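In what follows, chains carry the letters A, B, and so on, assigned in the order in which the sequence lines appear, proteins first and then strands, with residues in each chain numbered from 1. Remember, predicted model here, so these are calculated numbers, not experimental data.
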2 protein chains.
Amino acid sequence: MNIGDVATRSGLPAKTIRYYEDIGLVRPQREANGYRRFREADLHKLNFLGRARSLGFSIEDCRSLLALYEDADRASGDVKRVAERHLSAIDRKLAELDAMRGTLAHLAEACSGDQKPDCPILLDLASAPEG
Amino acid sequence: MNIGDVATRSGLPAKTIRYYEDIGLVRPQREANGYRRFREADLHKLNFLGRARSLGFSIEDCRSLLALYEDADRASGDVKRVAERHLSAIDRKLAELDAMRGTLAHLAEACSGDQKPDCPILLDLASAPEG
DNA sequence: CTTGACCCTCCAGTTGGTGGAACCCCTATC
DNA sequence: GATAGGGGTTCCACCAACTGGAGGGTCAAG
């Protein structure tokens, strides 16, 4: 398979796949003309990467997960640890966004949104930081 | 005030303040010796920026908000529009993270986490993309 | 033989800063 | 006057995870 084929089959842009090769996540072979040659195993890896990235795992997480994926002897506990670490990162992010949302919604609600220049949003933003 | 003073009073690192000057968000004057000289108005702006950034507004959003802040004649509706656009971006992000969290929690729960090599997390990650 | 769809490499830009090097300035102390 | 420290200055490089584009090679069809 050429890069275009794995691109359509994995759903990843060709650019991204080249980038993944650059940073050592996949190692396709090369044809005589310099074109990358991908095998089924490479496609599996790319699918794996696409799915993991879409779940928000970082590239470095993906590298670990891929190593575990390829290690037939790994303990599933190792994978679970990576997943749970990521899960709590997601929870932190969620809490943070939720707090933002609360403040912002409150401010937007208090704002009349008309032609008058008074605006509680700006008033809040302009208030000094606590501490 | 020198940069160190506004840094402590605004809670922003000096490096960040220099960066904000670089991209034109603040324009402190200069002393004869080349030191930046900040006035109260600059400090207000920096507080504004710190608060807006902590609410997740992008730098470009901040630029708009700052322009509105400094425009005595703005309509509060203009500000509200920026805030509401940002609010829906936050909502999208929240939904996305929540979906991730669901999938991941489900997978982690299904994973025994013991010494056996079978791992539903990896199995899921390895499955082909739909479509 | 030309057209057009692929493919290649390399460079630069994105966002919002952060780290560090190399150097200047100011004040206090010896 | 020398020196030590704690400011300040500039500039360059780096982070994640790509993305866009230039400039050019390759291949199959008409």
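For N33(B), the side-chain atoms get nearest to dC26(C) when compared with the rest of dT18(C), dG16(C), dC26(C). Checking dT9(C), dC7(C), dG7(D) against the side-chain heavy atoms of Y35(B) singles out dG7(D) as nearest. The side chain of K15(B) has dG20(C) as its nearest neighbour among dT18(C), dG20(C), dT19(D).
Rounded to whole Å, atom P of dC6(C) lies 10 Å from atom CG of D5(A). As rounded to whole Å, 14 Å separates atom C1' of dG17(C) from atom CG of L49(B). Regarding E31(B), its CD atom lies at a distance of 17 Å from the P atom of dG7(D), rounded to whole Å. With rounding to whole Å, E60(B) atom CD is found 15 Å from dG13(C) atom C1'. At whole-Å resolution of the value, CG in L25(A) and C1' in dA16(D) are 13 Å apart. Rounded to an integer number of Å, the gap from CG of D22(A) to C1' of dA17(D) is 12 Å. Following rounding to the nearest Å, F57(A) (CZ) and dA17(D) (P) show an atom-to-atom distance of 13 Å. In this structure, R18(B) atom CZ and dG20(C) atom P are separated by 15 Å, rounded to whole Å.
Across Y69(A), Y20(A), F57(A), a single residue satisfies ring-ring contact (aromatic ring centres under 6.0 Å, His included) together with F48(A), and that is Y69(A).
Counting any heavy atom pair closer than 4.0 Å across all strands shown, I3(B) reaches sugar-phosphate atoms only and no base atom.
Judged by closest nucleotide on DNA chain C, N2(A) is the one of N2(A) and I59(B) placed further toward the 5' end.
Between dG16(C) and Y20(B), no contact under 4.0 Å exists linking OP1 or OP2 to a side-chain N or O. Using a 4.0 Å cut-off, no side-chain N or O of R37(A) falls inside it from OP1 or OP2 of dC8(C). The phosphate of dT10(D) has OP1 or OP2 within less than 4.0 Å of a side-chain N or O from R30(B). A sub-4.0 Å separation between OP1 or OP2 of dT18(C) and a side-chain N or O of T16(B) is present. Listed pair R36(A) / dT9(C) meets the phosphate criterion, a side-chain N or O lying under 4.0 Å from OP1 or OP2. For R53(A) and dA16(D), the shortest distance from a side-chain N or O to OP1 or OP2 is not below 4.0 Å.
The pair R30(B)-E21(B) counts as a salt bridge, with a side-chain nitrogen and a carboxylate oxygen less than 4.0 angstrom apart. Taking the charged nitrogens against the carboxylate oxygens, E60(A) and R63(A) do have a contact shorter than 4.0 Å, which makes a salt bridge. Remark: E40(A) does not engage K45(A) in a salt bridge, criterion side-chain N to carboxylate O under 4.0 Å.
Remark: S112(A) OG to D118(A) CG distance equals 7.5 Å, nearest 0.5 Å.
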